[in-house]
Amino acid sequence: MDMVTKLGTEKPVVIFSKTSCGISHAISQLICGFGANPVVHELDELPNGHEMEKALMALGCNPSVPAVFIGNEFVGGSNEIMSLNIRGKLKPLLMKANAIWV
């Protein structure tokens with residue numbers, strides 16, 4: 001879990017994904033649409049991806065991807081990101097994390 005947490009706090013927005021996951025791609029595009037440039041870690045392309053996936057599930061992300069960190073904090077998966085967006089809270093969160101500027 002330490003590796004996931006460390007990677008999740010490297011940049012303002014970090015997304016753990018899989019190349020075959022359409023929802024992960026949609027969440028990444030949503031965040032990019034605000035002008036953010038997230039770091040995306042594709043678990044199925046990493047040698048330790050399986051262990052990282054287990055660590056994400058231990059954090060409460062089920063399914064394991066997408067898993068989104070914003071501003072050095074684990075925000076959650078697609079449901080949490082979409083909920084933040086619908087409530088108008090995703091953009092302010094990205095701004096607070098210095099991922100975007102207005």
Side-chain angles (χ1 to χ4, degrees):
M1 189 173 328
D2 291 339
M3 176 60 84
V4 168
T5 305
K6 181 181 177 191
L7 289 173
T9 59
E10 284 184 331
K11 300 289 180 180
V13 181
V14 178
I15 301 172
F16 291 91
S17 176
K18 288 185 179 179
T19 57
S20 60
C21 180
I23 298 296
S24 293
H25 179 74
I27 294 298
S28 179
Q29 290 304 302
L30 172 66
I31 291 171
C32 287
F34 285 104
N37 187 21
V39 172
V40 179
H41 295 284
E42 301 288 358
L43 298 182
D44 54 341
E45 293 182 344
L46 299 174
N48 60 343
H50 186 68
E51 290 80 21
M52 293 173 76
E53 186 172 7
K54 286 182 182 179
L56 289 168
M57 292 181 81
L59 281 174
C61 203
N62 191 12
S64 60
V65 295
V68 182
F69 285 76
I70 299 175
N72 299 331
E73 293 185 24
F74 176 63
V75 176
S78 58
N79 289 342
E80 291 79 12
I81 297 300
M82 292 305 293
S83 177
L84 286 169
N85 187 47
I86 289 168
R87 292 182 290 139
K89 295 185 176 188
L90 182 56
K91 184 176 180 179
L93 187 60
L94 293 169
M95 290 172 62
K96 182 179 176 187
N98 292 319
I100 60 173
W101 299 266
V102 177

Would you compute the distance between atom SG of C32 and atom CD1 of I15 and round it to the nearest 0.5 angstrom? 6.5 Å
Quick one: closest heavy-atom pair of L56 and A67, and the distance? CD2-CB, 3.6 Å
Calculate, to the nearest 0.5 Å, the distance between atoms CG and CG belonging to L84 and L93 respectively. 6.5 Å
Please check if the number of heavy atoms outside N48 that lie under 6.0 Å from its CG is greater than 12. yes
One pair to check against side-chain contact (heavy atoms from CB on, under 4.5 Å): I81 and N85. What are the steps and the verdict? CA-CA 6 Å; I81 297 300; N85 187 47; 5.6 Å; no
Do I70 and L90 touch side chain to side chain, with heavy atoms closer than 4.5 Å? yes
Do F74 and C61 come within less than 4.5 Å of each other through their side chains, counting heavy atoms only? yes
As an exercise, state the distance from CD1 of I100 to CE of M95, rounded to the nearest 0.5 Å. 6.0 Å
Could you tell me whether the side chain of S28 and the main chain of S24 form a donor-acceptor pair under 3.5 Å? no
L7 versus H41: any side-chain heavy-atom pair under 4.5 Å? yes
Which atoms form the tightest heavy-atom contact between A55 and V4, and what is the distance? CB-CG2, 3.7 Å
Mind checking whether I27 and M82 have side chains closer than 4.5 Å, heavy atoms only? yes
Stepwise, does the side-chain contact (heavy atoms from CB on, under 4.5 Å) test hold for L46 with M52? CA-CA 9 Å; L46 299 174; M52 293 173 76; 3.9 Å; yes
Within a radius of less than 6.0 Å around CD of E73, do more than 12 heavy atoms belonging to other residues, nucleotides or ligands occur? no
If I take atom CD from residue E51 and atom NZ from residue K54, how far apart are they, to the nearest 0.5 angstrom? 6.5 Å
Output yes when a side-chain donor or acceptor of E42 lies under 3.5 Å from a complementary backbone atom of T19, and no otherwise. yes
For the residue pair I23 and P66, what are the closest heavy atoms and their distance? CG2-CD, 4.0 Å
Backbone of K18 reached by a side-chain donor or acceptor of D44 within 3.5 Å: no
Do the non-hydrogen side-chain atoms of L59 and F69 ever get within less than 4.5 Å of each other? yes
What pair of heavy atoms forms the shortest contact from V14 to F16, and how long is it? CG1-CE1, 4.0 Å
